[in-house]
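One structure below.
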Amino acid sequence: MDNRSWMRIQPSVRTRSAGPVACLLALCLPLGCAPPAAEVEGDALTLTWENIFTRNRGARQAALSPDGAWVAVSASTADFSGIFLVAVDGDPVPTPWVEGSSPVWFGDGSGIVFSRDGDLWRAAVGSSEPTRITDDAADERGARPSPDGSTIAFYSGRSGHQDIWTVPADGSAPPAQLTRASMAADDFRFAPAWSPDGTRIAYYSNRSDYWEDDIRVVEVATGTERQISGGLMASSTPVWSPDGSRIALLGTSKDEYWYEDLAYIYLLDPEAGTEAVVPMQIHATDWLHNHTVTWSGDGSELFFPYHERAEVELWRVPADGGVATRVTNMGGSFRAYHATPDGSAFVFLRSTSTRGTEVDHVSAAGGAARRLTHFSTRWRGLVEAEEVSYRSWDGLYIQGFLFRPPEFAEEAAASASEDHATYPALVMVHGGGTNSYLKGLSLTEQHLAQLGYVVLAVNYRGGSGFGREFQDLGVGDWANGQALDAAAAADFLRAQPWSNGRVGIYGYSYGGIQSMAAIARAPGAFDAAVPMAGIYDFADAYTNADRLGKIFIRTGHGGAPGERPEVYAISNTLARVPNVVTPTLIMHGEEDVRAPFRQYELAVEILEREGKVYESHSYPGEPHGFRDPMNRVDMYRRLEAWFARWLTEDAS
């Protein structure tokens, strides 16, 4: 939606407490950012919830030209929002090119195809006058030009499924449907993959089985298609080898746990219909199914992302398997990368704990990363989070990142005195469940620290970045041992000499799951809680979640609720809500289908019936990832007020 057209908030609120109720305000995780509301090129901005959600900018997408000379970058400045042309070597000032997003280069480097107002357009290098390719009310995404540039393949839900359509690159004819019922209408991952000769397209599909993500190949001329994988669950866009003999992708085995960010690299033979895992000593990272693999120009090597202990770097392995070695040493994390067709250079959308998302360039020959852009907002008072470990309930040590208030170091030095300052603390539990907290820009934690809280972001068991054995600790035990990891974090914080004895917990999505699970399984561990957009009874959510939500639940529990009732009983937090003694602020979007809104309604019903101290707040029209930035601002303000009420020295 247009970020300037903010809808009027129409909250639904229920409150129950033992005393007077203050105006209570809260949090949602920054899943995306609006264009800047005003120029911020001068002094750095102060962290406020409104600034964070309406003026936090940075590079959003980056595509490296085939010759490696240019990068098409989707970003915003005070003067222009759209696609910029950035020189890899030369003028460091980016050139505004065209309004739009999702740029993809034509194979000859002459220009890009991109999205604007729901349609596909093309623009030539050197021209700011784009040509419209499609002009209809239907959706188009994942556009990819054919190798010869004559045809664009894209995904659309206009058939009632996510199918592949093709259209002439000059827009001379309307789109034509290529695949039939290839994917569920609510599954928006990945993109079509053209073969090098332009005769075939590889794509993912659940046509054979609703619960599976298989790879199929379709003949562009005839529409004839066939499935070429059988044992894998695809977790990335497939990529053809330069000679067209093999297809590489990230995935997991259907007979294993649905590992997130710890995937295999598979090689498929599209003629023989065989599949094999590339043997190496580590796994690859898809990061929420956003990353993929890259071939070298001669097809002998594969490049891929790998996430380890909260950082993501690029690695290389021989295509036939062997020892994988690290290409980059950038630090921080990147959420997307792109390479030249010959794999000679890479660009990354990378951020750190004190820098927003920018485009960094690395040569395959080696060397340090080179920053190409300066789009990101500068913020006042950002600090480097301190990496720590703490001992959990069963002896495991859990990784965490501490954000301290600006005056903490100075006042902590005086901690031996009787009058030294004390601080309330917060435990942040990340979303995703099988993902992890990364060393990227975390404005929520930075701002809460500036408000006077010591914030500990924890990487509880079952997450990625620590090997499959660590992720296996969550198998069959969702929201249980993980919640006790969060409770152990509260014990760790409360034992510090600077603690005022009060600790809160918050999180969004799986972080909301964890927040509610922790206060239900470890009553008394927390003095305030803010669970957001969570699932509190996986068996119930299984009945009305979207496709990816259902797969996540089914694979995480080893089957459907009727097949594994004992496992669903372990993860069921609603059954334990009567144990809650922590003042709770629960919030949810009313159009959420990933963590269905009914989960919020069921939790509120029990909190009310049991006479708990709580407040509930829901947002009409909002899905799992909020669209309206002012609703996000409202959530965070509510969270701030809730924690101020229950955790500060003046809290009653």
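- A side-chain donor-acceptor contact under 3.5 Å links Thr340 and Asp342.
- Rounded to the nearest 0.5 angstrom, Phe552 CZ and Asp546 CG are separated by 11.5 Å.
- Of the options Ser101, Ser115, Ser102, Ser81, a side-chain contact (heavy atoms from CB on, under 4.5 Å) to Ser74 is made by Ser101 and by none of the others.
- In the model, Arg122 has no side-chain atom that pairs as donor or acceptor with a side-chain atom of Thr131 under 3.5 Å.
- No side-chain donor from either of Gln446 and Trp379 sits under 3.5 Å from a side-chain acceptor of the other.
- Here the CZ-CG distance, from Arg350 to Leu441, works out to 12.0 Å after rounding to the nearest 0.5 Å.
- Classification of the Tyr460-Tyr510 ring pair by plane angle, with boundaries at 30° and 60°, yields parallel.
- Ionic pairing of Arg370 and Asp89 is present here: one or more N-O contacts between side-chain nitrogen and carboxylate oxygen are shorter than 4.0 angstrom.
- Two rings, from Phe84 and Phe375, have their centers less than 6.0 Å apart.
- Between the CG atom in Leu45 and the CD1 atom in Ile52 there is a gap of 10.5 Å [rounded to 0.5 Å].
- If you take CZ on Phe53 and CE on Met630, they are separated by 10.5 Å, rounding to the nearest 0.5 Å.
- Classified by interplanar angle (parallel below 30°, tilted 30° to 60°, perpendicular above 60°), the ring pair Phe401/Tyr437 is tilted.
- Of the residues listed (His283, Glu260, His307), the one engaging Ser464 in a side-chain hydrogen bond (donor to acceptor under 3.5 Å, both in side chains) is His307, and it is the only one.
- A donor atom on one side chain and an acceptor atom on the other are not found under 3.5 Å apart for Asp628 and Tyr619.
- The structure places OG1 of Thr357 at 11.0 Å from CZ of Arg60, a figure rounded to the nearest 0.5 Å.
- Using a 4.0 Å cut-off between charged side-chain N and carboxylate O, Asp286 and Arg189 make no salt bridge.
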side-chain contact (heavy atoms from CB on, under 4.5 Å) between Trp121 and Ile133: does it pass, once the steps are laid out?
CA-CA 5 Å; Trp121 299 66; Ile133 300 173; 5.5 Å; no
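- Side-chain atoms of Gln162 and Arg141 form a donor-acceptor pair, as typed in the model, at a separation below 3.5 Å.
- At a cut-off of 3.5 Å, with distance as the only test, a side-chain donor of His624 or Ser509 sits close to an acceptor on the other residue.
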Steps toward ring pair (Phe, Tyr, Trp, His ring centres under 6.0 Å) verdict (Phe403, His447)
CA-CA 9 Å; Phe403 295 81; His447 186 35; over 10 Å; no
Do Ser110 and Asp108 pass the side-chain hydrogen bond (donor to acceptor under 3.5 Å, both in side chains) test, and can you show the C-alpha distance, the side-chain angles, and the key distance before you say yes or no?
CA-CA 6 Å; Ser110 62; Asp108 62 1; 2.7 Å; yes
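- Using a cut-off of 4.0 Å between Lys/Arg side-chain N and Asp/Glu carboxylate O, Arg594 and Asp592 are scored as not salt-bridged.
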Steps toward side-chain hydrogen bond (donor to acceptor under 3.5 Å, both in side chains) verdict (Thr444, Tyr506)
CA-CA 11 Å; Thr444 303; Tyr506 68 95; over 6 Å; no
